[in-house]
Participant: 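What follows is a structure written as structure tokens; I'll ask about it next.
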Amino acid sequence: MFPACARRAPSRTALAEASMMMMIRSHRIAVASSTFDVADARAYSASARKPSKSTPSSSPSASRAPNDEASTSTDRAKATASDAETSWSSATSRSARDLQSKAAHAAHKASQVAGEFTREVRARAAASGVDVNAIDEAAKEAARAARAAAREAARVAGAGNGGAGGTGGAGGGASWTSPRGLAQIAMDAVKEEYRLAMMDPGDAAVERRRAAGWSDAPPEPYDGTTAVAVTAAPTPGVFGKLWGGVKQKLGLSKVITKVEGLKKTAPYAKTAELAEDLRERWETSDSPMVHRIQDFQESMFTETEQGEAYRVIRQRDPLFNMSDFMAEVKRDAPKVLGAYLRGDVDALRAMNISKEMLERLSGQMNLWKQEGQFVDPRILDFSDVELMEVRMMENEPLVVLTFSCQQINCVRDKSGKIVEGAEDDIQSVHYLWAMQLADKKFTTDDGREYTKPAWELRELVLRGMMSVAA
């Protein structure tokens, strides 16, 4: 608000503190002197009460005289101590009042000095043509904006930490800049990991992905201007200047220009044509030895189908983790099988199932419905999911898994009569489960559509059944 070269006046607080320190020092000296007076009086009184160690006299009058003298000395000592204590209390109260009075006077004086200095600076600024009121308003507005920005930053930071703590993050509103904040963040992280460990592994995997922001919709595409902005060339730094000098001294630019010029000569063109002919002969050769060498090169340097599938998965889903993926399949597979055995088409449509697979499952369910048959949908046990292979199918990555579950092989008609199997016919059914990563359309809350890769069930094959002994 004021010019940077202006002299800073001593603050009111600094003058008050200096004055109070001087008063306290003088007060301590007065207290120390009073304390010594009281101590001397008490010592004299104690010596007067102490009996004499000299040989006692046999005369009663002789013994009575020292006792009277001691009593008199004791009274005098008590009176001296009382006077000293009275002087001490009065000096204390008087010193306190003087200290308060002088501190108030010093504060008033400092206020006057600060006010005079402020008026002097404002007068000089006004004389120089500076709008002091405008500067004051601008400073106040900047202070208000700074406070509002600080509050907004604190609110956003607190909301982000709180949301992370609720969906897989840790830390809450603690700050990592202090030991206590670091300890709080570590404690929150341990609590969050314990919470996820107590959950179903598939649900925990979904929580981690949601906390990492994978479930969020992508930002809206940029539809602004595409004009090219022309800017000045950047000024080279120290290293750039040194490298420019080296290139000039060595003549590298001239060498590069000459090499580029050689490409336009006839000998270079003939050499390029000869190399192209040799490459074509090598690729179209019928020699068995050439084929063996080519196969060896492909096996050594060509990417395998599994490697290509993993590379595409990492590119399209950077947060992909095979363990979490298998945990999600183990969580969702019983739901899909249960809806399929119950004949619930609407439930299957709400799940991540491809259109081709949904049509096949719907056809089998419609057949059961036409024949009036009902399959027992209970799943007694579900085994661990095992990875079978990862490969590409129709230019999309495909993960093939296998698992088994125990089901009751019991089919009834409309009247409840068993037409196939039995109520206690428990079968161990082995399935082949294939998930493919494909683009899927989603819709945000505000109605905006976007496309994002998602895993969907592409194949569900029953590999075999085996009766479980009772």
Side-chain angles (χ1 to χ4, degrees), residues 199-206 322-391 393-394 396-438 454-470:
M199 295 173 58
D200 181 86
D203 295 336
V206 174
M322 184 58 72
S323 299
D324 294 343
F325 177 77
M326 295 171 65
E328 292 184 39
V329 171
K330 186 176 181 179
R331 181 200 61 178
D332 297 336
K335 300 178 182 178
V336 175
L337 293 177
Y340 168 66
L341 296 176
R342 291 193 308 270
D344 192 348
V345 181
D346 295 334
L348 292 177
R349 287 197 182 98
M351 300 179 184
N352 292 331
I353 302 177
S354 63
K355 295 181 179 179
E356 298 83 359
M357 193 64 214
L358 185 60
E359 291 178 358
R360 289 168 52 187
L361 296 178
S362 300
Q364 182 62 39
M365 289 185 292
N366 291 333
L367 179 61
W368 290 339
K369 187 176 181 180
Q370 291 177 0
E371 295 179 354
Q373 295 180 351
F374 301 91
V375 182
D376 195 322
R378 289 177 293 176
I379 297 177
L380 305 180
D381 182 65
F382 197 90
S383 68
D384 291 334
V385 179
E386 297 180 1
L387 176 64
M388 190 170 181
E389 65 173 339
V390 180
R391 60 187 179 89
M393 188 177 74
E394 299 178 359
E396 299 289 350
L398 184 75
V399 179
V400 182
L401 306 169
T402 179
F403 58 85
S404 64
C405 58
Q406 292 184 4
Q407 299 176 214
I408 299 177
N409 182 26
C410 183
V411 181
R412 302 175 185 270
D413 57 9
K414 295 181 179 180
S415 61
K417 183 180 178 180
I418 298 176
V419 296
E420 182 180 349
E423 292 181 350
D424 56 352
D425 185 10
I426 301 176
Q427 299 283 334
S428 178
V429 186
H430 298 265
Y431 289 97
L432 197 67
W433 186 281
M435 299 288 291
Q436 191 172 29
L437 184 63
W455 292 97
E456 60 182 12
L457 179 62
R458 182 61 186 270
E459 292 291 339
L460 176 59
V461 180
L462 194 152
R463 302 179 63 187
M465 299 176 60
M466 184 175 61
S467 178
V468 177

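All values below were derived from every heavy atom in this structure, side-chain atoms included, with hydrogens, water molecules and symmetry-related copies excluded.
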Participant: Check whether any side-chain heavy atom of T402 sits under 4.5 Å from a side-chain heavy atom of W433, and report yes or no.
Facilitator: no
Participant: Is any side-chain heavy atom of V461 closer than 4.5 Å to one of Y431?
Facilitator: no
Participant: Using the side-chain contact (heavy atoms from CB on, under 4.5 Å) rule, pick out the option among R391, E459, M435, E389 that qualifies with L398.
Facilitator: R391
Participant: Check this for me, if you would: do R458 and E394 make a salt bridge, where the nitrogen-to-carboxylate-oxygen distance has to be below 4.0 angstrom?
Facilitator: yes
Participant: How long is the straight-line distance from CD of Q406 back to CG of D381, given to the nearest 0.5 Å?
Facilitator: 5.0 Å
Participant: Let me see the working for R412 and E423 under side-chain contact (heavy atoms from CB on, under 4.5 Å), right down to the final yes or no.
Facilitator: CA-CA 10 Å; R412 302 175 185 270; E423 292 181 350; 2.8 Å; yes
Participant: Would you say the side chain of D425 lies within less than 4.5 Å of the side chain of C410, judging by non-hydrogen atoms?
Facilitator: no
Participant: I need the minimum non-hydrogen distance between H430 and S404, along with the two atoms involved.
Facilitator: ND1-CB, 3.5 Å
Participant: For V400 and L387, which heavy atoms make the closest approach, and how far apart are they?
Facilitator: O-CD1, 3.7 Å
Participant: How close do E456 and A438 get, counting heavy atoms only, and between which atoms?
Facilitator: OE2-CB, 3.9 Å
Participant: At their closest point, which heavy atom of L337 faces which heavy atom of F403, and how far apart are they?
Facilitator: CD1-CE1, 4.1 Å
Participant: Taking the side chain as everything from C-beta on, heavy atoms only, tell me whether Q427 gets closer than 4.5 Å to V468.
Facilitator: no
Participant: Considering non-hydrogen atoms only, spot the tightest contact between L358 and I353 and give its length.
Facilitator: N-CG2, 3.8 Å
Participant: Please walk me through it: do Q436 and L457 pass side-chain contact (heavy atoms from CB on, under 4.5 Å)?
Facilitator: CA-CA 6 Å; Q436 191 172 29; L457 179 62; over 6 Å; no
Participant: If you take all heavy atoms of I379 and G338, which pair is closest and at what distance?
Facilitator: CD1-N, 4.3 Å
Participant: Whether E386 and K330 form a salt bridge (side-chain N of Lys/Arg under 4.0 Å from carboxylate O of Asp/Glu) is what I want to check.
Facilitator: no
Participant: Carefully, step by step, assess M326 and L401 under the rule side-chain contact (heavy atoms from CB on, under 4.5 Å).
Facilitator: CA-CA 8 Å; M326 295 171 65; L401 306 169; 4.3 Å; yes
Participant: Please test L380 against Q407 for side-chain contact (heavy atoms from CB on, under 4.5 Å), starting from the C-alpha separation and ending with a verdict.
Facilitator: CA-CA 6 Å; L380 305 180; Q407 299 176 214; over 6 Å; no
Participant: Quick one: pull up CG in D376 and CG in L341 and give me the separation to the nearest 0.5 Å.
Facilitator: 8.5 Å
Participant: Does any part of the side chain of L460, heavy atoms only, come nearer than 4.5 Å to the side chain of M357, both counted from C-beta?
Facilitator: yes
Participant: Is there a side-chain contact between L462 and V429, using heavy atoms and a 4.5 Å cut-off?
Facilitator: yes
Participant: Show me the side-chain donor-acceptor pairs of residues 415-422 shorter than 3.5 Å, one per line, residues at least two apart or across chains.
Facilitator:
unit_1, atom_1, unit_2, atom_2, d
S415, OG, D413, OD1, 2.9
S415, OG, D413, OD2, 3.3

Participant: For residues 361-372, pull every pair meeting side chain to side chain donor-acceptor pair (under 3.5 Å), keeping only residues two or more places apart or in separate chains.
Facilitator: E371-Q373
